[in-house]
Chemist: 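Quick one: the structure is below, and I'll ask about it shortly.
All chains are named by letter (A, B, ...) in the order of the sequence lines, taking the proteins before the strands, and each is independently numbered beginning at 1. Side-chain atoms are counted along with the backbone in the values below, which use heavy atoms only and exclude waters and symmetry mates.
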There are 2 protein chains.
Amino acid sequence: MNDTCIRVDEPLIKQMVQNLPDEQTINKISAIFQALQSDTRLKILFLLSQKEMCVCELECALDVTQSAISHSLRALRQLDLVRVEKQGRFAIYYLADDHIRTLIDLCNRHVTECST
Amino acid sequence: MNDTCIRVDEPLIKQMVQNLPDEQTINKISAIFQALQSDTRLKILFLLSQKEMCVCELECALDVTQSAISHSLRALRQLDLVRVEKQGRFAIYYLADDHIRTLIDLCNRHVTECST
DNA sequence: TTAATACATGAAAATATGTTCATATATTCA
DNA sequence: TGAATATATGAACATATTTTCATGTATTAA
């Protein structure tokens, strides 16, 4: 920690640190962003925002192995970003809720608005 | 690619794939999420959403080295999530715009609402 | 102009992540 | 029941990311 800088108002900084979300929340948030950071998982979410899909359909849409898709889906599932419904031998995946849709849209807009 | 599954309507899937944002956009979005995925960078953003800060202040607030903070800030800068204004020997950092604030808030709400 | 402060950065080491391969499980159909 | 289909998963490899270390640059103050 730096004690010498004249700009540092230590009590104020301490207060600001207290205003941070607690560690657990920070961890959960970063875990979500971590999941959204892979091209494959992002594409899966974009696709699922169009319609619910089984793994075969995702396999047809994306250019990666079935195994990679399953691993990606597990990560998304564990964060409750997508959910599964088993239908016989099929696993139908869909977005868990609309937060995630909003998140992606927002980010999409940020990129398209700012890069022009 | 899987051709046998009876659920796969290939023309439909092709259409859905066409609806995906282009590769460049996907890459930019995933880069943003990639940046938001680290605890350190997230905390920096939460702090900067309270007030603009120089590197020393961040150093005081966070329990990581100055070098690590600088590297984190560079990553955020390159994605235009934060910006710098040089004031003499100080580098004052602030959020680039409100998108990012909204993004964080949204995610925060998702976590706190869903985990109760 | 020298020393100290504030910040940045390249390279290497440590760690994490994603993908594939091999294989396992569950369901359906013949 | 046995074969085929749909999905899941552990382990290993390849790659990417993060952090630290060492050091560099720029600005200020003595």
Side-chain angles (χ1 to χ4, degrees), chain A residues 1-9 13 26-27 30-45 48 52-79 82-94, chain B residues 1-9 13 26-27 30-45 48 52-79 82-94:
Chain A
M1 184 190 304
N2 186 323
D3 290 331
T4 66
C5 175
I6 55 164
R7 282 183 51 95
V8 172
D9 175 353
I13 302 290
I26 291 272
N27 287 339
S30 67
I32 290 179
F33 285 131
Q34 198 273 327
L36 298 177
Q37 152 253 17
S38 115
D39 283 19
T40 299
R41 285 191 296 261
L42 258 186
K43 285 181 188 170
I44 289 176
L45 292 173
L48 293 184
E52 54 182 38
M53 298 169 87
C54 70
V55 181
C56 281
E57 290 178 290
L58 289 169
E59 210 178 331
C60 175
L62 302 170
D63 204 22
V64 287
T65 66
Q66 176 267 318
S67 177
I69 292 175
S70 263
H71 282 299
S72 289
L73 287 169
R74 176 163 60 164
L76 294 171
R77 233 167 42 220
Q78 285 174 340
L79 293 166
V82 306
R83 294 189 185 145
V84 213
E85 188 190 324
K86 285 271 186 183
Q87 281 184 17
R89 60 180 144 170
F90 299 102
I92 316 293
Y93 279 87
Y94 56 96
Chain B
M1 184 189 306
N2 186 321
D3 291 330
T4 65
C5 176
I6 55 162
R7 281 182 52 94
V8 172
D9 175 354
I13 303 289
I26 292 272
N27 287 340
S30 67
I32 290 178
F33 285 131
Q34 198 273 327
L36 298 177
Q37 152 253 19
S38 115
D39 283 21
T40 299
R41 285 191 296 260
L42 257 187
K43 284 182 189 170
I44 289 176
L45 292 174
L48 293 184
E52 54 182 38
M53 298 170 86
C54 69
V55 180
C56 281
E57 290 178 291
L58 289 169
E59 210 178 330
C60 175
L62 303 171
D63 205 22
V64 286
T65 65
Q66 178 265 319
S67 177
I69 292 177
S70 263
H71 282 299
S72 289
L73 286 171
R74 177 165 57 164
L76 294 172
R77 233 167 42 220
Q78 286 174 339
L79 292 166
V82 305
R83 295 188 184 146
V84 213
E85 188 190 326
K86 283 271 185 183
Q87 281 183 17
R89 60 179 145 173
F90 299 102
I92 315 295
Y93 280 88
Y94 55 96

Chemist: For B:Lys86 and D:dT28, give me the distance from atom NZ to atom C1', rounded to whole Å.
Modeler: 13 Å
Chemist: Can you check the A:Gln66 CD to D:dT7 P distance for me, whole Å?
Modeler: 8 Å
Chemist: Below 3.5 Å is the cut-off: list the nitrogen or oxygen pairs between protein and nucleotides 19-21 of chain D, distance only.
Modeler:
residue, atom, partner, partner atom, Å
D:dT20, OP2, B:Thr65, OG1, 3.2
D:dT20, O4, B:His71, NE2, 3.2
D:dC21, N4, B:Ser67, OG, 2.7

Chemist: What closest approach, in Å, do A:Met53 and A:Leu48 show between heavy atoms, and which atom pair accounts for it?
Modeler: N-CD2, 3.7 Å
Chemist: Report which part of the nucleic acid A:Gln37 touches: base, sugar-phosphate, or nothing (heavy-atom distance under 4.0 Å, all strands).
Modeler: sugar-phosphate
Chemist: Separation of A:Gln78 atom CD from C:dG18 atom P, in whole Å?
Modeler: 12 Å
Chemist: Would you find a donor on one side and an acceptor on the other, under 3.5 Å apart, between the side chain of A:Glu57 and the backbone of A:Cys54?
Modeler: yes
Chemist: Mapping A:Arg74 and A:Ile92 onto DNA chain D by nearest heavy atom, which one lands closer to the 5' end?
Modeler: A:Ile92
Chemist: Could you tell me the separation between the CG atom of A:Leu76 and the OH atom of A:Tyr93, rounded to the nearest 0.5 Å?
Modeler: 9.0 Å
Chemist: Where the side chain of B:Val55 is defined as all heavy atoms beyond and including C-beta, which of D:dT28, C:dT17, C:dA8 is the nearest nucleotide?
Modeler: C:dA8
Chemist: Working to the nearest 0.5 Å, report the span between CZ of A:Arg41 and CD of A:Gln34.
Modeler: 5.5 Å
Chemist: Separation of B:Ile69 atom CD1 from C:dT9 atom C1', in whole Å?
Modeler: 15 Å
Chemist: Nearest whole angstrom, please: distance from the P of C:dA6 to the CG of B:Leu58.
Modeler: 14 Å
Chemist: Would you mind classifying the nucleic acid contact of B:Gln34 as base, sugar-phosphate or nothing, using non-hydrogen atoms under 4.0 angstrom?
Modeler: sugar-phosphate
Chemist: Find the distance B:Gln87:CD to D:dT28:P and express it as a whole number of Å.
Modeler: 11 Å
Chemist: Just to be sure I understand the rule, does B:Arg7 reach a base, reach only the sugar-phosphate, or reach nothing, if contact means heavy atoms closer than 4.0 Å?
Modeler: nothing
Chemist: Compare side-chain N and O positions of A:Arg89 against OP1 and OP2 of D:dA4 and report whether any pair is under 4.0 Å apart.
Modeler: no
Chemist: Starting at CG of B:Leu42 and ending at C1' of D:dT17, how long is that distance when rounded to a whole Å?
Modeler: 16 Å
Chemist: About how many Å separate CG of B:Asp9 and CD1 of B:Ile6, when rounded to the nearest 0.5 Å?
Modeler: 12.0 Å
Chemist: Looking at every non-hydrogen atom in both residues, tell me the closest pair between B:Ile26 and A:Lys43 and how far apart they are.
Modeler: CD1-CG, 4.0 Å
Chemist: Is the distance from OP1 or OP2 of D:dA6 to the nearest side-chain N or O of A:Tyr93 less than 4.0 Å?
Modeler: no
Chemist: To the nearest Å, how far apart are A:Asp39 CG and C:dG18 C1'?
Modeler: 11 Å
Chemist: Do you know which two heavy atoms are closest between B:Val82 and B:Leu73, and how far apart they sit?
Modeler: CG2-O, 4.2 Å
